[in-house]
Structure formats: C-alpha cells, structure tokens
Amino acid sequence: MTREWMLQQVERERVDPRENPNLLIDESHQEFWNTAARKPYARALLRAEQHWTRRRGVWLRQVEAVEGANATREEVAELLEDCSAEAKRLVAPILHFRITEVALWTVLREAREHDQPSFAVALEQPHSLELLRCLRLRIDLGGERAAAGMMDEFCARARRCMEESHERTTEKGARGRRFVEVTDVLARCLNWAQKCQKDGHIEWYHGNAEEALAAWRQADACLRHLRAPPAAASADAMIARLHAAVLKNLAQAALRLGCWTEALQAADDALQLDDRDHKAQEGDKNTGTYNESTIPRMVWEILDASRIPT
C-alpha cells in the first residue's frame with residue numbers, strides 16, 4: 001500500500017458505493033463498522049496488532065520461564081548444601097551443565113509430589129544416585145559435547161511429545177468445555193462470530209482462501225467456549241448451528257490450502273456438534289501425551305548407559 005494508492009482509494013470511497021458500501025449505511029448500524037473492518041488497510045492493521053499481541057504473549061512466557069528457572073536453580077543450589085558428601089562429589093563437577101539441572105529439578109519435583117521429608121532424602125534414593133552416576137560417567141567420558149548432546153536429545157524428545165499431545169491435551173480438551181456467558185457478552189460474541197463468518201464468505205467468493213481461513217478461525221475461536229446462560233438456554237442450539245457451519249467452512253478452506261490436520265480436526269468437531277451432517281468427514285489420529293512425569297524416563301533413555309560396576 002503506497003501513499004498514491006491510499007489517496008486514490010480514499011477518493012473512490014468518497015463517491016463510489018461499490019468501493020464503499022458504507023455510503024448507503026447509517027453509522028449507528030453494526031454493518032457499517034463490519035464493512036469498515038473489511039477494508040484492506042483495516043485488515044492489515046488488525047493482522048499487525050494480532051501479530052504483536054502474540055509476540056508479547058511469547059515474550060511474557062519466555063520471561064516467566066527464565067525467572068522460574070533461575071529461582072529453581074537457586075533453590076536447588078541451596079538444598080544441595082544439606083546433601084551428603086557423596087552426592088556433592090557426584091554433582092559439583094557437572095552442576096553447570098543444563099542436563100544436570102534437569103536431573104536435579106526432576107528429583108526436586110518428585111520429592112514434592114511424593115511428600116518426602118526433604119530434597120536430600122530424595123537425592124539419596126538409589127535410583128536418584130544411579131541417575132547421577134550415569135550422568136557423571138557420560139560427561140566424564142565425553143566432556144561438554146556429551147552433555148550438549150544429551151541436552152539436545154532431551155529437548156528434541158520433549159518438543160516432539162508436546163507437539164504430538166498439543167491438540168488433544170489443549171485444543172481438543174478445551175473445545176469440549178464451554179463457559180456460561182452473560183446475555184450481553186453472549187450477544188457480542190455471536191455478532192462477532194457472524195461478522196467473521198461473513199468475512200470468510202466474502203473472501204472465499206473473491207478467491208482468497210487464506211483470508212477466508214483466517215476469518216473462520218477467528219469465528220471458531222469465538223464460539224468454541226461459548227454457552228448461553230440458563231435464562232437463555234434456547235440459544236445453545238443457535239450457537240451449535242452457527243459453530244457447526246463455521247467449522248464446515250473452516251474444514252473446506254483448510255482442505256483447499258493443504259492444512260490436512262486442521263481440516264480433519266474441524267470436520268471431527270463439526271460432527272460432534274451435528275453427527276447427522278453428511279458433509280463433514282470424520283477424522284481422527286493417534287497422539288501421545290507429555291507431562292512432567294515422563295521426564296525421568298526420558299533422562300534414563302538418553303543416558304542409555306550401563307550401570308557402573310561396583
């Protein structure tokens with residue numbers, strides 16, 4: 001969008017209802033503002049705002065993760081002072097490696113989960129000492145390269161597990177939970193969802209499948225947790241019909257763009273809302289699960305070392 005284009009576009013919108021349907025619509029009407037939001041420059045501004053909102057969320061999560069890791073690192077360092085001399089001898093030379101921190105964080109978490117008296121008691125358990133011995137052996141033999149390799153493999157396995165379980169443990173699980181909204185909030189959400197659905201239809205009609213998919217994603221995000229209050233319980237059926245229609249549109253656009261997993265997920269969700277709909281194609285996939293309890297097993301698998309002979 002250049003300055004010349006903007007000037008020409010503003011001039012056309014001042015006089016041509018084909019360029020600016022709002023010339024024939026009163027400002028008090030909701031459609032006036034919906035039409036204004038469909039302008040190319042308005043969409044560009046909205047996309048930019050959404051991008052930076054997501055980035056701010058990522059930065060905040062990163063700051064929280066770093067601060068949490070620093071606090072846990074300090075706590076573990078203090079708790080190590082109460083451990084036995086054998087444990088200190090095992091840990092001290094390799095404490096600066098990230099994979100060692102992961103192992104110690106795992107011990108600390110297990111101590112809290114199993115209500116053990118202290119971190120020192122948990123670290124003195126046979127399986128914990130064996131883990132530290134194997135870790136020390138691998139690092140003594142391979143040095144920094146071995147420690148970095150174990151950490152890289154741990155991160156890769158954790159990332160793979162989280163990616164595999166993300167849709168089932170977050171999106172899929174969250175879709176089934178709908179939260180009651182008060183009447184005015186419900187009306188605003190429904191109006192916004194209908195606006196996004198219409199935006200998608202307009203973009204689809206003009207052959208812009210990517211923008212149509214983005215609009216239907218917004219409508220789906222608005223409707224997936226929506227539930228009418230008891231005083232307006234009849235609105236639940238209307239929400240379900242609108243949501244099913246949006247999901248079918250979303251599945252069609254995702255198929256057009258080759259987003260197969262998203263298309264299957266949307267079709268499956270549409271079937272859950274209306275299992276009599278013959279247009280929705282049922283799809284499912286196997287997913288794994290990832291939680292903190294898998295960390296000890298993953299560390300052991302990464303070590304893959306025989307027990308130190310006694």
Side-chain angles (χ1 to χ4, degrees), residues 30-31 33-58 60-61 162-179 181 185-228 236 238-274 277 279-285 287:
Q30 181 62 40
E31 187 61 24
W33 302 105
N34 292 344
T35 302
R38 296 186 186 109
K39 302 294 183 182
Y41 45 85
R43 287 205 307 270
L45 291 174
L46 179 62
R47 295 286 185 272
E49 180 63 24
Q50 291 172 341
H51 168 75
W52 289 114
T53 299
R54 288 193 297 269
R55 290 301 303 164
R56 282 192 291 270
V58 171
L60 290 174
R61 288 194 296 272
M162 287 188 290
E163 289 174 353
E164 290 175 353
S165 63
H166 176 70
E167 291 185 3
R168 292 297 181 187
T169 57
T170 58
E171 290 186 22
K172 186 64 177 180
R175 282 183 189 273
R177 297 194 298 271
R178 294 183 178 268
F179 304 98
E181 299 288 358
V185 175
L186 177 66
R188 288 199 298 269
C189 290
L190 287 175
N191 287 333
W192 174 254
Q194 289 176 333
K195 181 261 182 188
C196 293
Q197 185 190 31
K198 185 175 180 180
D199 290 349
H201 289 157
I202 293 173
E203 296 296 339
W204 184 265
Y205 176 77
H206 289 96
N208 194 347
E210 292 183 358
E211 287 294 335
L213 180 60
W216 287 327
R217 282 172 177 167
Q218 288 182 321
D220 173 44
C222 182
L223 292 170
R224 70 175 62 169
H225 304 305
L226 203 59
R227 182 180 177 186
D236 281 334
M238 180 177 63
I239 295 172
R241 287 195 300 269
L242 178 60
H243 196 188
V246 167
L247 288 168
K248 286 181 281 185
N249 294 146
L250 194 155
Q252 187 177 8
L255 283 174
R256 173 73 63 85
L257 296 173
C259 302
W260 314 117
T261 301
E262 185 176 12
L264 286 171
Q265 183 67 66
D268 187 52
D269 291 340
L271 280 173
Q272 292 184 12
L273 292 171
D274 185 4
D277 189 351
K279 294 182 181 179
Q281 300 296 323
E282 185 175 5
D284 201 350
K285 61 187 179 67
T287 59

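We're numbering straight along the sequence, starting at 1.
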Notebook entry, point to check: How many angstroms lie between CH2 in W216 and CG in L223, if you round to the nearest 0.5 Å?
Noted result: 14.0 Å
Check: In chain order, what residues pass the salt bridge (Lys or Arg N to Asp or Glu O under 4.0 Å) check against E203, with sequence neighbours excluded?
Finding: R43
Note to self: Applying side-chain contact (heavy atoms from CB on, under 4.5 Å), can you list everything that pairs with H51, at least two apart in sequence or on another chain?
What the structure shows: R54, R55
Item checked: For R61, side-chain contact (heavy atoms from CB on, under 4.5 Å) partners two or more places apart -> V58
Next item on the list: Find out whether R224 and D269 are in side-chain contact, i.e. whether some heavy atom of one side chain is under 4.5 Å from a heavy atom of the other.
Entry: no
Note to self: Give me the atom names and distance for the closest heavy-atom approach of A193 to A219.
What the structure shows: O-CB, 3.8 Å
Note to self: Measuring from atom NZ of K248 to atom CG of L271, what distance do you get when rounded to the nearest 0.5 angstrom?
What the structure shows: 9.5 Å
Next item on the list: Could you go through the side chain to side chain contact (heavy atoms under 4.5 Å, CB included) check for L190 and M238 one step at a time?
Entry: CA-CA 9 Å; L190 287 175; M238 180 177 63; 3.5 Å; yes
Margin query: I need the L273 CG to I239 CD1 distance, nearest 0.5 Å.
Written below: 11.0 Å
Notebook entry, point to check: Hey, are the side chains of L213 and E262 touching, using non-hydrogen atoms and a 4.5 Å cut-off?
Noted result: yes
Check: Are any of the side-chain heavy atoms of T53 and E49 separated by less than 4.5 Å?
Finding: yes
Margin query: Other residues, nucleotides and ligands only: do more than 12 of their heavy atoms fall within 6.0 Å of CD on E210?
Written below: no
Margin query: Tell me every residue that passes side chain to side chain donor-acceptor pair (under 3.5 Å) with Q194, counting only those two or more places apart in sequence or in another chain.
Written below: none
Donor-acceptor pairs under 3.5 angstrom involving side-chain atoms of residues 249-257: please list them, not counting sequence neighbours.
from	atom 1	to	atom 2	distance (Å)
N249	OD1	H201	NE2	3.2

Check: Going by heavy atoms in the side chains, are L247 and H243 under 4.5 Å from each other?
Finding: yes
Checklist line | Shortest non-hydrogen contact from C222 toward C189 | finding: SG-O, 3.2 Å
Checklist line | Inter-residue atom distance I202.CD1 - E211.CD, 0.5 Å rounding | finding: 12.0 Å
